[in-house]
**Q** 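Dropping the structure in here first, questions after.
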Amino acid sequence: MQRIVNKLLLVAALVAIAPLCNATQLAPCKTAECEAYFDAYTILTKRGHSSAMATLGELYYSGYGTEKDLDKAFKWFRRAAKFGHTTAQYKAGIMYLQTSAYQDIDKGIALLKRSAKATFSPSALALGKIYLQDKLIPRDLAATDRWLTFAYKLNNLEAMKFAKTLRESPDTAKLPLPKLFALVDAEKPVAADSKSSLEEMEIILVEAPDYAAYFDEEIAQLNQSRPDTAKGTGSSIAGRTCSDIWACSSEGDSERIRDLQLSDWGNIALALNVR
């Protein structure tokens with residue numbers, strides 16, 4: 001049974017990557033424009049902005065405007081995470097879980113839980129998969145049910161697809177995941193000539209985000225805000241609510257860009273740990 005579950009986890013992760021990675025992942029870039037964005041974010045991190053720290057980590061991770069450097073990416077994700085930046089908590093947490101010189105399972109799980117409790121759905125999905133694997137930590141199906149259900153209720157597309165896979169497979173349909181399977185069973189049947197909610201979400205998700213426009217907006221916002229190191233918070237920008245910026249966890253247009261990028265990033269990372 002465990003081998004079958006592990007195989008399903010790996011297949012689900014790889015399927016999730018396939019339709020999105022080309023359209024959404026931040027690609028390496030060495031143009032003058034990309035280097036200018038990298039320089040701008042470097043300056044903002046020196047002023048103490050946690051959102052800039054998280055984005056600078058992503059630029060290092062992807063090789064955008066600079067050479068790819070995973071150690072520096074990890075450094076900036078951890079710094080931003082200290083300010084309660086949910087995206088950075090998620091990424092630092094995933095990097096802690098991967099086999100590397102800085103692997104620390106306990107720290108990785110703790111960061112994912114902090115981020116998930118702030119309603120960041122990719123972290124809840126990751127925790128659900130981790131507790132199901134019996135790989136990084138002992139298997140805990142009650143925790144699996146709790147975290148996957150939480151991610152499902154937050155309308156995380158990959159969580160919804162993964163839950164359906166678990167429910168429909170004869171090898172996993174009898175797993176004790178009552179809350180999660182109740183959500184799947186409650187979904188209304190879809191007429192043959194209409195699209196399901198998942199299909200409608202997929203149509204939206206394949207649209208390539210405009211990172212340059214987002215970077216321009218975020219840099220302008222941060223230039224008008226107080227540094228996080230001066231006020232002890234990681235998400236406040238003058239005149240904007242938490243739901244308006246990349247650091248937080250609601251699902252507006254800016255957050256869709258963030259979550260799409262994280263979906264690719266996190267699934268790839270988790271897939272490396274599934275055997």
Side-chain angles (χ1 to χ4, degrees), residues 17 20-96 98 100-102 111 115 120 122 205-229 234-235 237 240 244-249 252-269 272:
I17 294 167
L20 294 178
C21 59
N22 291 333
T24 63
Q25 194 170 19
L26 188 63
C29 177
K30 299 295 174 58
T31 67
E33 181 183 41
C34 295
E35 292 177 352
Y37 283 128
F38 176 81
D39 292 341
Y41 278 107
T42 299
I43 292 171
L44 288 167
T45 61
K46 293 178 180 178
R47 296 177 185 170
H49 293 285
S50 66
S51 292
M53 296 174 193
T55 301
L56 187 65
E58 181 62 36
L59 300 185
Y60 273 120
Y61 189 90
S62 302
Y64 189 96
T66 186
E67 294 297 323
K68 184 179 179 73
D69 191 323
L70 298 185
D71 290 336
K72 289 183 179 179
F74 186 50
K75 164 189 167 182
W76 287 109
F77 289 148
R78 284 184 299 160
R79 286 193 180 182
K82 291 180 180 179
F83 291 96
H85 194 294
T86 52
T87 302
Q89 289 171 344
Y90 170 82
K91 292 195 173 187
I94 292 294
M95 293 187 78
Y96 268 128
Q98 297 181 74
S100 66
Y102 38 76
L111 281 172
S115 184
F120 190 67
L205 290 176
V206 296
E207 297 176 0
D210 186 348
Y211 286 113
Y214 181 81
F215 292 153
D216 287 338
E217 181 181 2
E218 184 179 51
I219 290 169
Q221 291 172 8
L222 292 176
N223 277 324
Q224 298 175 24
S225 69
R226 289 176 297 166
D228 299 320
T229 52
S235 62
I237 292 180
R240 303 297 296 270
D244 292 328
I245 58 175
W246 206 346
C248 302
S249 57
D253 289 340
S254 295
E255 288 68 37
R256 182 173 65 84
I257 292 176
R258 175 213 64 202
D259 287 347
L260 282 171
Q261 185 173 332
L262 287 174
S263 177
D264 296 338
W265 194 97
N267 279 323
I268 292 170
L272 297 178

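Nothing fancy with the numbering, it's 1 onward along the sequence.
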**Q** Working to the nearest 0.5 angstrom, can you tell me the gap between R47 CZ and D228 CG?
**A** 13.0 Å
**Q** Compare every heavy atom of M53 with every heavy atom of W76, then report the nearest pair and how far apart it is.
**A** CB-O, 3.3 Å
**Q** Applying side chain to side chain contact (heavy atoms under 4.5 Å, CB included), run through R78 and K82 and close with a yes or a no.
**A** CA-CA 6 Å; R78 284 184 299 160; K82 291 180 180 179; 5.5 Å; no
**Q** Among all residues two or more places apart in sequence or in another chain, which pass the side chain to side chain contact (heavy atoms under 4.5 Å, CB included) test with A81?
**A** A88, Q89, L111
**Q** Give the minimum heavy-atom separation between I219 and A40, together with the two atoms involved.
**A** CD1-CB, 3.8 Å
**Q** What are the two closest heavy atoms between A52 and L44, and how far apart are they?
**A** CB-CB, 3.5 Å
**Q** For Y96, which residues count as a ring-ring contact (aromatic ring centres under 6.0 Å, His included) partner, sequence neighbours excluded?
**A** F74
**Q** Under 3.5 Å, which donor-acceptor pairs do the side chains of residues 63-72 form with other protein atoms, sequence neighbours left out?
**A**
unit_1	atom_1	unit_2	atom_2	d
E67	OE2	K30	NZ	3.2
K68	NZ	Y61	O	2.3
D69	OD1	D71	N	3.1
D69	OD1	K72	N	3.1

**Q** To the nearest 0.5 Å, how far apart are OH in Y41 and NE2 in H49?
**A** 11.5 Å
**Q** Quick one: disulfide bond (SG atoms under 2.5 Å apart) pairs with a partner in residues 59-88, sequence neighbours left out?
**A** none
**Q** Please find the pair of heavy atoms, one from S50 and one from A80, that lie closest to each other, and give the distance.
**A** O-CB, 3.4 Å
**Q** What's the separation between atom NZ in K75 and atom OH in Y102, rounded to the nearest 0.5 Å?
**A** 13.5 Å
**Q** Are T55 and T87 close enough, and set up right, to give a side chain to side chain contact (heavy atoms under 4.5 Å, CB included), and what steps lead you there?
**A** CA-CA 9 Å; T55 301; T87 302; over 6 Å; no
**Q** Under the 3.5 angstrom rule, does the side chain of S115 hit a backbone N or O of T86 as a donor-acceptor pair?
**A** yes
**Q** So Y90 and F77, do their side chains get closer than 4.5 Å, heavy atoms only?
**A** no
**Q** Judged by atom type as modelled, is there a donor-acceptor pair below 3.5 Å linking the side chain of T45 to the main-chain atoms of T42?
**A** yes
**Q** Any disulfide bond (SG atoms under 2.5 Å apart) involving residues 25-89? Give me the pairs, sequence neighbours left out, ordered by first then second residue.
**A** C29-C34
**Q** Excluding sequence neighbours, so at least two apart, what forms side chain to side chain contact (heavy atoms under 4.5 Å, CB included) with D216?
**A** Y37
